Number of protein chains: 2
Amino acid sequence: MKGNANIIRPYYSEKCPVIKALEILGGKWRLAIIWELSHYKSLRYNELKRHIDGITNIMLTRSLQVLEQHHLINRTDYGQIPPHVEYSITADCQALLPALEIINEWGKTRIEVHRAQS
Amino acid sequence: MKGNANIIRPYYSEKCPVIKALEILGGKWRLAIIWELSHYKSLRYNELKRHIDGITNIMLTRSLQVLEQHHLINRTDYGQIPPHVEYSITADCQALLPALEIINEWGKTRIEVHRAQS
DNA sequence: TCCTATGGGCACAAAAATGTGCGTACTTAA
DNA sequence: TTAAGTACGCACATTTTTGTGCCCATAGGA
């Protein structure tokens, strides 16, 4: 136990918007999900899963849930059986797309660097 | 052991630039470090540490190391005792700053949302 | 003489993120 | 009649990330 361990300090995420954003977007798959969804008006769960190679059910489910909680995606359940659910990005999320474009382009150069090294 | 566990598949990160970028940038502190450094021509280790509230030595050290390995920051050691080392961002890294601006603005709105809810 | 500052590193512990294997209830097509 | 597709969820195991407490050597100021 350290000296002032009982003093609750404001989290840095409440001071630094970049860290706050990363708290919401920083998962392994979240940006990829947003990025994929941004290319369609909407996608169904399994469609989305086929677009994101390697993602498992549980990770897709969890990621969609947190993104929905933060109002980055819309979940529309048509209440049918068998189930029919559609996902799409919200207006709030659209604001991020210019950043994702840049990151996507930057990522391409990194893939090339990686290839050149191997 | 599963059926085809021995088949090596290309990682998704080699196909999706967004995921590739997140592999490099996705740590808890990395973007914050870049963001801080981007506001100065250069900063010393302990200066940087004071700017990023809550970061520990080991995390700052490790983060700087991986960022340097990926050529996102320059480390300049003046070879003095006591030590004098300066960090700055590279030209490669500059390309990311427009994205960081957007993320920073977006993060601000999230902090407000968070405040309004509590 | 002791404190502070410089820039970190090491071994380990704790916490968080991610993945595995399986199961649900129902429908349509083969 | 059986298989496949719909959209997930649970308990647990594994992996990855992050953090803790300590330590180094040196110099300058009080």
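In what follows, every chain begins at residue 1, and chains take the letters A, B, ... in the order their sequences are listed. Only a predicted model underlies this, so the values are computations on that prediction, with no experimental measurement involved.
- Side-chain N/O atoms of Arg62(A) and base N/O atoms of dG19(C) include a donor-acceptor pair closer than 3.5 Å.
- Here the P atom of nucleotide dT6(D) and the CG atom of Leu48(A) are 13 Å apart, to the nearest Å.
- Separating the CG atom of Leu60(A) from the P atom of dC8(D) is a distance of 8 Å, rounded to the nearest angstrom.
- Rounded to a whole Å, the CD atom of Gln80(A) is 19 Å from the P atom of dG5(D).
- Listed candidates were dT20(C), dG8(C), dA7(D). Nearest to the side chain of Thr56(A) is dT20(C).
- Counting any heavy atom pair closer than 4.0 Å across all strands shown, Gln65(A) reaches sugar-phosphate atoms only and no base atom.
- The distance from atom OH of Tyr87(A) to atom CD of Glu36(A), rounded to the nearest 0.5 Å, is 16.0 Å.
- In this structure, Ile55(B) places its CD1 atom 12 Å from P of dT20(D), rounding to the nearest Å.
- The closest side-chain heavy-atom distance from Thr61(B) to Tyr45(B) is below 4.5 Å.
- Taking 4.5 Å as the limit, every side-chain heavy atom of Lys15(B) sits out of range of all side-chain heavy atoms of Lys20(B).
- At a threshold of 4.0 angstrom between heavy atoms, the contacts of Ile58(A) include nucleobase atoms, whether or not backbone atoms are also involved.
- Contact between the side-chain N/O atoms of Tyr87(A) and the OP1/OP2 oxygens of dC8(D) is found at a separation under 4.0 Å.
- For the pair Met59(A) and Pro83(B), nearest-nucleotide mapping onto DNA chain C gives the more 5' position to Pro83(B).
- The distance between atom NE2 of His84(B) and atom C1' of dA27(D), rounded to the nearest whole Å, is 15 Å.
- Computed from C1' positions of five pairs at each end, the angle between the two local axes of the helix from dT1(C)-dA30(D) to dA30(C)-dT1(D) equals 10°, rounded to 10 degrees.
- Contact annotation for Tyr78(B): no contact, since no heavy-atom pair falls under 4.0 Å across all strands.
- Taking atom CG of Asn46(B) as the reference point, atom C1' of dT26(D) lies 15 Å away to the nearest angstrom.
- A side-chain donor-acceptor contact under 3.5 Å links Glu47(A) to the backbone of Arg44(A).
- In this structure, the nucleotide among dT6(C), dG5(D), dG19(D) sitting nearest to the side chain of Arg50(A) is dG5(D).
- Among dT26(D), dA7(D), dG7(C), the nucleotide with an atom closest to any side-chain atom of Pro82(B) is dT26(D).
- Residue-level contact check: Arg30(A) touches neither bases nor backbone, having no heavy atom under 4.0 Å from any strand.
- Comparing dA7(D), dT6(C), dG8(C) by their nearest atom to the side chain of Arg75(B) picks out dG8(C).
- Residues Leu25(B) and Arg30(B) form no side-chain contact, since every pair of their non-hydrogen atoms from C-beta on lies 4.5 Å or further apart.
- In terms of phosphate contacts, Asn57(B) brings no side-chain nitrogen or oxygen within less than 4.0 Å of OP1 or OP2 of dG8(C).
- Glu86(B) and His84(B) are linked by a side-chain donor-acceptor pair at a separation below 3.5 angstrom, with hydrogens and angles left out of the test.
- In this entry the distance linking CD of Glu47(B) with P of dG7(C) reads 8 Å, nearest Å.
- Comparing dG8(C), dT26(D), dT6(D) against the side chain of Ile81(B) picks out dT26(D) as the nearest.
- Here Lys28(A) reaches the OP1 or OP2 of dG19(C): one of its side-chain N or O atoms lies under 4.0 Å away.
- Taking only distance into account, the side chain of Arg44(A) never meets the base of dG5(D) through a donor-acceptor pair shorter than 3.5 Å.
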* **salt bridge (Lys or Arg N to Asp or Glu O under 4.0 Å) between Glu105(A) and Lys108(A), intermediate numbers included** => CA-CA 5 Å; Glu105(A) 290 305 313; Lys108(A) 283 185 193 169; 3.2 Å; yes
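- With Arg110(B) contributing its side chain and His70(A) its backbone, the two residues share a donor-acceptor pair below 3.5 Å.
- When the P atom of dG7(C) is taken as reference, atom CD1 of Ile73(B) falls 14 Å away, rounded to whole Å.
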